[in-house]
Amino acid sequence: MRDTEVIIAGAGPTGLTLAYELALAGVGTLVLERLPERIEQTKGGAIQPRTAELLELRGLLEPLRSRAMERAPGGGHFAFLPVPLDCEPWRTRHPYPIAIPQWEIEEVLEEAATAHGARVLRDAAVTAVEQDDGGVTVSAGGQRFRADYLVGCDGGRSTVRKLLGLPFPGGDGTFVAVLADVRLSATSASVPQTIGHMSELVREGGGYWAMLIPIGGERYRLTFGSEDQGTDRDAPVTEEEIITALRAVYGEEIVLRAVDNSSRFTDATRQLADYRAGRVLFAGDAAHIHPPFGGQGLNIGVQDAINLGWRLAATVQGRAPEGLLDRYQAERHPVAAGVLHHTSAQRLLGMPRPSQDVLALRDIFTDLLRLPDANRHMAGLMSGLSLGYDLGGEHPLAGQRVPDADLLVGTEPVRLSALFGAGHAVLLDLAGIVPAELRLPARVDLVRAKCATDLGAAALLLRPDGYVCWAADDAATCERTLAAAIADHIAAH
């Protein structure tokens with residue numbers, strides 16, 4: 001007996017994004033969440049430009065933007081260095097990070113997923129996982145559930161990963177720090193009133209480093225650590241240590257009204273060797289953890305989910321080309337490995353109380369980031385806008401994202417991003433080179449349009465996640481290569 005087609009462990013941003021993607025494709029989806037209710041915690045509260053583009057493909061960005069916190073216009077950062085990263089050269093409509101508390105992101109995603117039929121069961125901690133050739137059986141919340149696949153999206157301490165006995169290789173953290181949402185009834189002149197560039201928000205004093213981010217009224221997101229790195233990560237965070245840190249960094253006039261929530265985190269770096277173990281897959285922090293620099297964690301988790309969702313749906317529904325699901329590992333594992341690499345570099349450059357050698361290195365990096373080409377490179381890296389995949393093919397656009405251009409479909413102006421709301425692949429014909437008699441598989445939409453902007457090809461086959469998997473410049477190439485590209489990248493014959 002099968003209760004659903006896919007079970008997802010974890011109702012964070014990664015799990016809920018995946019639930020939405022699967023439900024949108026008509027896949028029966030059950031999310032199991034160990035917590036009885038959502039914690040209203042700011043936590044990972046920045047949506048990077050590429051993540052914003054992907055969410056816009058599904059019509060999810062606007063409901064999120066309506067909940068965004070006020071922040072000064074400006075680019076992201078690398079290692080807290082005082083040079084904003086400029087994403088404008090990457091031709092994006094979303095050149096700045098968007099600040100939104102994580103719990104509000106989760107609320108929007110859950111509403112969207114359940115509206116399409118996904119189910120979310122809370123107070124249902126996973127306690128056992130058994131798999132065989134036909135599927136997976138999951139014990140949670142005193143019940144047993146059967147599905148074709150299970151996806152572990154249950155965080156850096158993933159229960160699913162531990163139940164399967166999978167090693168999580170990497171390095172332990174070098175520090176333990178505190179993240180808390182606090183309310184201040186009195187502040188000082190050094191407490192920021194707006195969200196500015198990260199280089200302006202980090203302060204030190206009295207043996208502590210800290211960062212306060214205003215999130216509305218008397219509420220702030222507080223991150224801090226101290227010279228004493230020996231605190232047990234699992235030790236409860238006390239109001240006394242929060243008050244001590246606040247006053248050491250921001251002054252004795254600080255008055256703490258309340259602590260809404262608090263937790264500890266480390267800068268450990270780990271990554272699964274394989275994101276798939278039979279019928280169990282992993283995404284987000286369950287697959288990779290890294291130092292918390294540059295607002296990467298939530299974003300690569302959501303991007304994992306969008307990369308996995310359409311291919312897992314095609315697999316469950318029996319329309320996937322051979323090897324489609326395994327390409328999730330091939331595409332996303334190197335992305336997280338790159339994030340682990342550059343966040344480790346940021347840990348060195350951004351550490352409090354740096355040595356003279358590190359200060360010299362920071363000066364050199366700061367000068368480099370003022371060079372347009374270097375800034376563009378780092379902006380693409382940190383925002384995700386430069387990310388591409390090795391999809392083979394003859395055309396140089398294969399594997400690349402396409403900017404959200406303005407199209408004319410018939411007489412109607414349409415944004416390119418609006419073509420992906422149903423989660424389908426899109427065959428975009430800009431020059432009338434796709435044969436009129438072409439028969440396309442289900443969930444591949446042919447759109448004939450005009451575009452004033454040069455997108456680099458006469459016709460493009462775009463995956464449901466907006467990446468080019470085929471392109472052609474003329475009718476002869478289209479006729480020769482299109483059918484094979486569809487069969488290889490989108491849908492089996």
* To do: Apply side-chain contact (heavy atoms from CB on, under 4.5 Å) to the pair Leu427 and Asp445, showing each step before the final yes or no.
  => CA-CA 6 Å; Leu427 177 56; Asp445 299 335; over 6 Å; no
* Given Thr477 and Asp474, is the side-chain hydrogen bond (donor to acceptor under 3.5 Å, both in side chains) satisfied, shown in steps? -> CA-CA 6 Å; Thr477 303; Asp474 53 69; 2.8 Å; yes
* To do: Check the pair Asp148 / Val6 against side-chain contact (heavy atoms from CB on, under 4.5 Å), numbers first and verdict last.
  => CA-CA 6 Å; Asp148 295 330; Val6 176; 5.7 Å; no
* Asked: side-chain contact (heavy atoms from CB on, under 4.5 Å) between Glu110 and Ile105: does it pass, once the steps are laid out?
  -> CA-CA 9 Å; Glu110 183 171 340; Ile105 296 173; over 6 Å; no
* To do: Would you check, one step at a time, whether the test side-chain contact (heavy atoms from CB on, under 4.5 Å) holds for Leu54 with Val302?
  => CA-CA 9 Å; Leu54 290 168; Val302 169; 5.9 Å; no
* Verdict with reasoning, Asp473 to His395, per side-chain hydrogen bond (donor to acceptor under 3.5 Å, both in side chains) -> CA-CA 9 Å; Asp473 297 322; His395 203 281; 3.1 Å; yes
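Atoms CG and CG, from Leu324 and Asp326 in turn, are 9.0 Å apart once rounded to the nearest 0.5 Å. Taken from NE2 in His94 to CG in Leu385, the straight-line distance is 10.0 Å, to the nearest 0.5 Å. In this structure, CG in Leu18 is found 10.0 Å from CD1 in Ile306, a value given to the nearest 0.5 Å. Separation of atoms CG (Leu461) and CG (Asp488) is listed at 10.5 Å; rounding is to 0.5 Å. Annotation: the span from Leu281 atom CG to Arg276 atom CZ amounts to 6.0 Å, rounded to 0.5 Å. Taken to the nearest 0.5 Å, the CD1 atom of Ile47 stands 12.5 Å off from the CD atom of Glu53.
Between the side chain of Gln346 and the backbone N or O of Ala79, at least one donor-acceptor pair lies under 3.5 Å. Between the side chain of Arg34 and the backbone N or O of Val126, no donor-acceptor pair lies under 3.5 Å. His424 contributes no side-chain N or O that, together with a main-chain N or O of Phe420, makes up a donor-acceptor pair within less than 3.5 Å. Looking only at distances, a side-chain donor or acceptor of Asp404 sits under 3.5 Å from a matching main-chain atom of Ser417. Between the side chain of Thr92 and the main chain of Pro95, no donor-acceptor pair closer than 3.5 Å is present. No side-chain donor-acceptor contact under 3.5 Å links Asp154 to the backbone of Gly10. A donor-acceptor pair under 3.5 Å links the side-chain atoms of Asn299 to the main chain of Gln48, judged by distance alone. In terms of modelled atom types and a separation under 3.5 Å, the side chain of Arg50 and the main chain of Ser383 share no donor-acceptor contact. No donor-acceptor pair under 3.5 Å is formed between the side chain of Gln329 and the backbone N or O of Arg327. Within the 3.5 Å criterion, the main-chain N or O of Gly380 finds a donor-acceptor partner in the side chain of Ser386.
Shown here is Glu479, whose CD atom has no more than 12 heavy atoms of other residues, nucleotides or ligands within 6.0 Å.
Here the closest non-hydrogen pair linking Gly74 and Pro97 is O-CD, 3.9 Å. Residues Leu22 and Thr29 share a closest heavy-atom pair of CB-OG1, 3.3 Å. In this structure, Pro435 and Arg448 approach most closely via the heavy-atom pair O-NH2, 3.5 Å. The heavy-atom pair separating Ile490 from Pro464 by the smallest distance is CD1-CD, 4.5 Å. The minimum heavy-atom distance between Ala336 and His288, with the atom names listed, is CB-CD2, 3.5 Å. Taking each heavy atom of Leu298 and Ala46 in turn, the nearest pair found is CD2-O, 4.3 Å.
A salt bridge is defined here as a Lys NZ or Arg NE, NH1 or NH2 lying under 4.0 Å from an Asp or Glu carboxylate O, and Asp465 with Arg463 meets this definition. Using a 4.0 Å cut-off between charged nitrogen and carboxylate oxygen, Glu106 and Lys43 do not count as a salt-bridge pair. Of the charged side-chain nitrogens involved, at least one lies within less than 4.0 Å of a carboxylate oxygen, so that Arg67 and Glu104 count as a salt-bridged pair. Taking a cutoff of 4.0 Å between a charged side-chain nitrogen and a carboxylate oxygen, Arg65 and Glu56 do not qualify as a salt bridge. Salt bridge Glu33/Arg38: absent, no basic N to carboxylate O contact under 4.0 Å. Between Arg376 and Asp373, no side-chain nitrogen of the basic residue sits less than 4.0 Å from a carboxylate oxygen of the acidic one, so the salt-bridge criterion is not met. Using a cut-off of 4.0 Å between Lys/Arg side-chain N and Asp/Glu carboxylate O, Arg146 and Asp132 are scored as salt-bridged. For Arg119 and Asp3, the salt-bridge test fails: no basic side-chain N is under 4.0 Å from an acidic carboxylate O. With respect to the salt-bridge test (charged N to carboxylate O, under 4.0 angstrom), the residues Arg144 and Glu130 qualify.
The cationic atom of Arg279 (NZ for Lys, CZ for Arg) lies less than 6.0 Å from the six-membered ring centre of Tyr149 and within 45° of the ring axis.
Shown here are the side-chain hydrogen bond (donor to acceptor under 3.5 Å, both in side chains) partners of Thr4, two or more places apart in sequence or in another chain: there are none.
The aromatic ring centroids of Phe80 and Phe293 lie less than 6.0 Å from each other.
Ring geometry for Tyr275 against Tyr328 counts as tilted: the plane angle lies between 30° and 60°, on a 0 to 90° scale. The aromatic rings of His197 and His77 lie perpendicular to each other, with more than 60° between the two planes, well past the 30° mark.
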